[in-house]
**Student:** 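Here's a structure for you.
These numbers were taken from a predicted model, which means no experiment stands behind them. For this chain, numbers begin at 1 and follow the sequence in order. Counting starts at 1 for both ligands and their atoms, following the listed order.
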Amino acid sequence: MQKKRLLSGIRPTGALHVGHYLGVLRNWAKLQEEHECFYFIADWHTLTTKYKDTNELQNNTIEVAKDIIASGINPNKATLYIQSAVPEVAELHLLLSMITYQNWVERDPTLKDMVKLLAEDENKAKEEVTYGLLGYPVLMTADILSVLGEYVPVGRDQVAHLELTRDIARRFNYIYKTELFPEPQPLLTETPSVPGIDGRKMSKSLNNDIKVIDNEEITIKKVLQMITDPKKARKNDAGSPEECQVAYKHYEIFADKSTQELVRKECTTGAIGCVDCKKRLAEIINNSLSQIRIKRELIPKDSEILEILDIGNGHAKKIVKQTLDKVKDAMKLKKWN
Ligand code: TRP
Ligand code: SF4
């Protein structure tokens with residue numbers, strides 16, 4: 001049976017943290033076994049907000065490619081490519097933008113949130129919003145439809161974008177009387193939301209993340225900074241895992257059930273102090289990342305990564321060009337040589 005085509009992208013924000021690994025990459029590695037997967041690094045999407053600050057973009061793109069490969073995504077099974085290496089996607093984006101109603105884009109709640117995040121002050125936010133950012137979900141649509149992707153593994157926050165993708169696909173098919181585009185479905189994976197060591201959402205910019213490439217010592221240091229139950233001030237005080245917003249939450253994410261039970265017992269009876277409890281947690285986190293860290297160390301030189309990407313870029317380009325030719329046929333546009 002023909003495998004279903006699946007596409008997903010990740011923005012190159014720099015070396016990835018455990019939240020990315022658990023929430024995205026681990027899942028990508030699983031999906032490559034049962035689908036025809038296209039995974040890409042969405043460097044253009046980064047420009048929708050970070051267009052002034054591009055110094056790190058090239059390097060971040062390569063680093064993310066390394067994290068992806070170290071996470072078990074096999075470039076021989078999945079097509080791994082860079083968005084900007086397939087400029088035909090931009091051409092598709094342009095054509096799709098012509099049939100996309102302005103108010104469809106403006107009502108996208110995730111885009112509204114992104115706009116809000118740009119500045120607390122609503123008026124300032126309006127000024128900061130570029131034409132490119134407004135086009136974010138349309139560009140995403142072009143990514144997906146350019147390979148005729150049927151499934152799109154994404155986080156909850158991206159589901160609204162996918163509704164727009166289906167609206168655009170349907171409208172294109174209707175206007176140009178074709179069945180070219182599928183209506184792509186989200187694949188929602190229930191992934192844990194991983195708090196940063198300070199209890200806020202884990203994020204590179206908040207400087208509260210544990211990175212995949214952090215070594216064991218750095219990981220231990222970071223875990224020891226995690227906040228715990230504030231009522232458990234001394235070693236032998238009884239504490240409560242429910243009040244331990246960060247450290248225990250990480251136990252729930254990384255440790256097995258019996259370890260969680262043990263921690264609960266030791267915590268509530270005051271049998272263990274928070275420092276020791278977090279040392280053990282650091283060991284568990286280090287153990288579960290050891291495989292990927294070893295692979296990350298063994299990752300070939302940049303030049304070899306670029307060769308791997310070249311192959312993926314080439315394959316993606318071929319598929320996208322086929323789609324674009326069909327789009328032009330449907331729209332009765334000339335295919336110039
Ligand atoms: N917007 C996605 C994110 O921020 C990244 C992305 C870009 C994407 N294009 C995509 C994801 C296409 C899935 C399909 O996580
Ligand atoms: Fe959290 Fe462990 Fe301290 Fe309990 S003993 S509060 S679970 S760090």
**Student:** Starting from W28, can I reach L162 by hopping between I/L/V/M/F/W/Y residues whose side chains sit under 4.5 Å apart?
**Tutor:** no
**Student:** Is the NZ or CZ atom of R171 positioned over F181's six-membered ring, under 6.0 angstrom from the centre and within 45° of the axis?
**Tutor:** no
**Student:** Any chance you could measure I82, atom CD1, to I62, atom CD1, to the nearest 0.5 Å?
**Tutor:**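 Output value for this atom pair is 6.0 Å.
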**Student:** Between the main-chain N or O of H17 and the side-chain N or O of K211, is there a donor-acceptor pair closer than 3.5 Å?
**Tutor:**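 Judged by distance alone, no pair lies under 3.5 Å.
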**Student:** Using a cut-off of 2.8 Å, count how many protein N, O or S atoms are strictly closer to atom 1 (Fe) of ligand 2.
**Tutor:**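 Near atom 1 (Fe) of ligand 2, the number of protein N, O or S atoms below 2.8 Å is 1.
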**Student:** Rounded to the nearest 0.5 Å, what separation is found between the NE2 atom of H20 and the CG atom of D209?
**Tutor:**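 Answer rounded to 0.5 Å: 8.5 Å.
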**Student:** Is it true that R107 and E163 make a salt bridge, defined as a side-chain N closer than 4.0 Å to a carboxylate O?
**Tutor:** no
**Student:** Sub-3.5 Å donor-acceptor pair from the side chain of D67 to the main-chain atoms of L16, do we have one?
**Tutor:**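 Such a contact is found between D67 side chain and L16 backbone.
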**Student:** Can you tell me which residues line ligand 1 if we count any heavy atom under 4.0 angstrom from one of its atoms, in chain and number order?
**Tutor:**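 Ligand 1 is contacted, at a heavy-atom distance under 4.0 Å, by L7, S8, G9, R11, F40, A42, H45, Y136, M140, D143, I144, V152, V154, Q158.
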**Student:** Can you tell me which residue among T46, L47, I41 is in a side chain to side chain contact (heavy atoms under 4.5 Å, CB included) with W44?
**Tutor:**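 When T46, L47, I41 are each tested with W44, the side chain to side chain contact (heavy atoms under 4.5 Å, CB included) holds only for L47.
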**Student:** Can you tell which of V138, D143, T141 makes a side chain to side chain contact (heavy atoms under 4.5 Å, CB included) with T165?
**Tutor:**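 Single pass found, and it is T141.
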